[in-house]
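Written out below as structure tokens is the structure these notes cover.
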Amino acid sequence: MLVEETLRAASPREMVDHHFDRAAERLRLSAEMRTLLSTPFREIKAQVPVRMDDGSLRIFTAYRVQHNSARGPAKGGIRFHPWVNEEEIRALAETMTWKAALVNVPFGGAKGGIVCDPAELSEGELERLTRKFISRIHRLLGPYRDVPAPDMGTNPQVMSWILDEYSSHYGYTPACVTGKPAELGGAPDRMQATGRGVAYVLSRYIESFGHPLKDLGLKVVIQGFGNVGSHTALALAAEGCEVMAVSDVYGGIASRDRKGLPIPALAAYVREHGSVAGFPDTRPVDNEEILTLDCDVLIPAAVECVLHQGNAPRVQARMVVEAANLPTMPEADEIFARRGITVIPDILANAGGVVVSYLEWTQNLQQEEWDENKTEAELRRYLSRAFQEVSARAEAERISLRQAAYEIAIERVAQAERLRGA
Ligand code: NAD
């Protein structure tokens, strides 16, 4: 099966259900609590008409799913991607609930998306699309209701339009969205936060065996070189890792020798050319081959469901660090467990984004401004605590890191629901 067919056939929803059911079983949650926790409390499907540059009217389909708000306002990114669909957004919204609970920030989970290819839209069309979407759903958003953030295909400029559109209804409200530029109250380094967090969680894992990451020169392969993938690569290269191959939607590149790619130069090349493809002195690899290259650490940082039973037996990495949400299908998880390949799950590995979003939100509410050092120190503190809790539980109960992470998160949300009267 081609990669694209596999991705389209896969169901992120089934994956989330699978992880939830396994954790709920061991936590002995009642049937009512299982239904309450696994069902989104509110879903919106909006029709978004946009006047295109050529004068035609195009109707886009958009979603916002608020999965759970027992522990705080719903929180989660907005994705612009051609494959966005209801089931995917539902699954990602639920994943956000568990992620926020795991790192213990006072948020619930949400996700949104618009079915579109941002690369095909002009700046003006993107702005009109974003504003129209927010004008359709603004009553359900707000600093204490639902706070969007960037995800695939969206960036600080899109967050700025969201801020402006929301503020046109309610007055200036910087805490209504995170991932904004610093000039509008964005946390310093929010865009780098998820990738840096991925690198930090990996370094904590390696350190737990008594080795500083810097000493090992691990060979790393990364699928996806957008916000998360590129900042993961930069952070790991700075920690002495050798990034051997990277890819994006247009293709991939691998080092021609045993030395890592020059990541800062590659990031500059991508800013100029829009893709990693064609970077000098490398050999091309495709998005399927990249997952099975020889390396120590494989980091999926693009789309869901890329690791499945078809390619998991051929993965050569000793460790998979899930920078993307839901990249590993349950059958692949089982194959990795049998083969002794450790998986650091998405809700832990990529939680740096939601932590820094939380820091941004609190600063906006208190009209405070922190510097980069304070933000970075807090990011590390939250991720370090979550890592310790997950690894301690996994070790004590002899379960996988994913199972431990889901159990901790679900327990917290279930307790919040009970205390609130469920
Ligand atoms: P992005 O749009 O900045 O980058 C996505 C990258 O994936 C790009 O390099 C793109 O070319 C590539 N890509 C897209 N479709 C692909 C395909 N079919 N095959 C291979 N590559 C493909 O997005 P991002 O913000 O870096 O998000 C990447 C992943 O990380 C997503 O799963 C997202 O949900 C997750 N994530 C993002 C954040 C965040 O703060 N942005 C936080 C947590 C998790």
Side-chain angles (χ1 to χ4, degrees), residues 2-8 10 12 15 75-84 88-89 91-93 95-96 98-100 102-103 109 111-113 116-119 148-159 178-180 186-187 189-198 201 222-234 245-253 266-267 270-271 273-277 285-291 299-307 321-328 345-358 360 379 383:
L2 293 170
V3 190
E4 205 152 296
E5 286 168 6
T6 309
L7 293 178
R8 284 166 188 272
M15 293 167 69
K75 186 88 190 77
I78 292 189
R79 171 176 287 200
F80 288 179
H81 196 276
W83 301 354
V84 162
E88 175 198 50
I89 297 297
L92 292 167
T95 305
M96 282 306 300
W98 311 136
K99 195 183 299 181
L102 179 65
V103 288
K111 201 79 177 189
C116 69
D117 184 351
D151 193 73
M152 274 220 294
T154 56
N155 56 28
Q157 177 59 74
V158 175
M159 301 306 114
T178 59
K180 306 177 289 288
D189 296 346
R190 167 62 184 86
M191 288 304 280
Q192 289 90 326
T194 306
R196 283 190 187 163
V198 172
V201 172
I222 304 178
Q223 186 196 50
F225 201 72
N227 172 29
V228 177
S230 66
H231 289 297
T232 301
L234 284 162
V246 299
S247 69
D248 58 34
V249 71
Y250 306 108
I253 53 162
L266 176 61
V270 171
R271 276 195 296 278
H273 296 88
S275 170
V276 297
V285 287
D286 65 35
N287 263 304
E288 183 60 20
E289 184 192 350
I290 197 165
L291 299 168
I299 305 186
V303 285
E304 301 92 57
C305 307
V306 292
L307 294 165
V321 183
E322 296 184 332
N325 286 310
L326 303 171
T328 311
D346 49 5
I347 61 172
L348 175 62
N350 71 30
V354 77
V355 170
V356 174
S357 276
Y358 163 66
E360 180 173 330
L379 169 65
L383 290 180

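Just so you know, ligand 1 is whichever comes first in the structure, and atom 1 is the first atom listed for that ligand.
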Could an N or O of ligand 1 be found under 3.5 Å from any N or O of V303, whether backbone or side chain? no
Does A302, backbone or side chain, put an N or O under 3.5 Å from an N or O of ligand 1? yes
Sequence neighbours excluded, the answer for side chain to side chain donor-acceptor pair (under 3.5 Å) partners of S247 is N287
Which of the atoms in ligand 1, numbered in the order shown and given with their element, are less than 4.0 Å from a heavy-atom of A301? 28 (C), 29 (C)
Taking D248 for its side chain and F225 for its backbone only, find out whether a donor-acceptor pair lies under 3.5 Å. no
Are N325 and K111 close enough that some pair of their side-chain heavy atoms sits under 4.5 Å apart? yes
Side chain or backbone, does G226 bring an N or O within less than 3.5 Å of an N or O on ligand 1? yes
Considering only heavy atoms of G153, which atoms of ligand 1 have at least one such atom less than 4.0 Å away? 2 (O)
Evaluate K111 for polar contact with ligand 1, using N/O atom pairs at a separation under 3.5 Å. no
Between A323 and ligand 1, find which residue part has any heavy-atom pair under 4.0 Å and reply side chain, backbone, both or neither. backbone
E304 contact mode with ligand 1 (heavy-atom cut-off under 4.0 Å): neither
For ligand 1, does W83 get within less than 4.0 Å through its side chain, its backbone, both, or neither, judged by non-hydrogen atoms? side chain
Go through the side-chain N and O atoms of N227 and N155 and say whether any donor and acceptor fall under 3.5 Å apart. no
Does any N or O atom in N227 lie less than 3.5 angstrom from one in ligand 1, N or O only? yes
Answer side chain, backbone, both or neither: which part of N325 comes under 4.0 Å from ligand 1, heavy atoms only. both
